[in-house]
Amino acid sequence: MSGQLAQARIRTVSARIYGRVQGVGFRWNCQHEAERLALVGEVRNRADGSVCVIAQGSADGVARLIVWLYKGPKWASVEDVLVEDLPAGSYMGDTFSIRG
């Protein structure tokens with residue numbers, strides 16, 4: 001498979017999730033869901049009360065995580081999700097981790 005074809009099947013996104021998403025297990029559950037979908041990236045709390053996610057992997061896996069972000073864990077109350085596509089393959093990590 002050529003490098004360009006493989007790159008085309010990879011999707012990288014940055015997502016910002018707003019609502020009651022801190023202190024409800026959002027990061028841990030997001031990490032679990034991303035790992036289940038074989039994605040790499042990170043999730044972190046932001047000072048404004050939102051959560052930021054960078055996710056990379058198969059286009060289908062990333063799409064499924066985005067659907068999950070709109071719901072979150074049962075204790076969360078998601079009000080809005082803003083998703084921005086990044087250059088495919090731009091995340092350089094090899095795991096999905098929880099950050100600060």
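- For the side-chain contact (heavy atoms from CB on, under 4.5 Å) test, residues two or more places apart in sequence or in another chain that qualify with Tyr70 are Ile66, Val81.
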Check the pair Val62 / Gln56 against side-chain contact (heavy atoms from CB on, under 4.5 Å), numbers first and verdict last.
-> CA-CA 7 Å; Val62 171; Gln56 178 173 281; 5.7 Å; no

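- When every heavy atom of Leu39 is checked against every heavy atom of Ala55, the shortest pair comes out as CD1-CB, 4.3 Å.
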Between Asp48 and Arg16, is a side-chain contact (heavy atoms from CB on, under 4.5 Å) present by the stated rule, with each step listed?
-> CA-CA 11 Å; Asp48 67 359; Arg16 196 76 172 261; 3.2 Å; yes

Show your reasoning for whether side-chain contact (heavy atoms from CB on, under 4.5 Å) applies to Val53 and Leu65.
-> CA-CA 10 Å; Val53 174; Leu65 182 67; 4.3 Å; yes

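- In this structure, Cys52 SG and Ile17 CD1 are separated by 7.0 Å, a value rounded to the nearest 0.5 Å.
- Ile54 contributes atom CD1, which lies 7.0 Å from atom CZ of Arg44 (distance to the nearest 0.5 angstrom).
- Of the inter-residue distances, the one linking Gln31 atom CD with Thr95 atom OG1 reads 8.0 Å to the nearest 0.5 angstrom.
- Follow the hydrophobic side-chain contacts under 4.5 Å out from Val24 and you reach Val51 in the same cluster.
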For Arg99 and Ser97, what are the C-alpha separation, side-chain angles and deciding distance, and is it a side-chain contact (heavy atoms from CB on, under 4.5 Å)?
-> CA-CA 6 Å; Arg99 306 287 173 142; Ser97 58; 3.0 Å; yes

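- Applying the salt bridge (charged side-chain N to carboxylate O under 4.0 Å, His left out) test to Arg27 and every residue at least two apart in sequence or in another chain returns nothing.
- In terms of heavy-atom proximity, Asn29 sits nearest to Trp75 at ND2-CZ3, 4.3 Å.
- Val21 approaches Gly49 most closely through the heavy-atom pair CG2-O, 3.5 Å.
- Under a hydrophobic-cluster definition in which Ile, Leu, Val, Met, Phe, Trp and Tyr are linked whenever side-chain heavy atoms come within less than 4.5 Å, directly or via other members, Trp68 and Tyr18 are assigned to different clusters.
- Placement of Leu86 and Leu69 in two distinct hydrophobic clusters is found when ILVMFWY residues are connected by side-chain heavy-atom separations under 4.5 Å, directly or transitively.
- Cluster annotation: Phe26 and Val83 are assigned to the same hydrophobic cluster (Ile/Leu/Val/Met/Phe/Trp/Tyr, side-chain heavy-atom contacts under 4.5 Å, transitive).
- When only modelled atom types and interatomic distance are considered, Asp60 and Ser58 share no side-chain donor-acceptor pair under 3.5 Å.
- Rounding to the nearest 0.5 Å places CD of Glu35 at 8.0 Å from CZ of Phe96.
- Distance alone, capped at 3.5 Å, is enough to place a donor-acceptor pair between the Gln22 side chain and the Ser50 backbone.
- Note that CG of Leu37 is 9.5 Å distant from NE2 of His32, once rounded to the nearest 0.5 Å.
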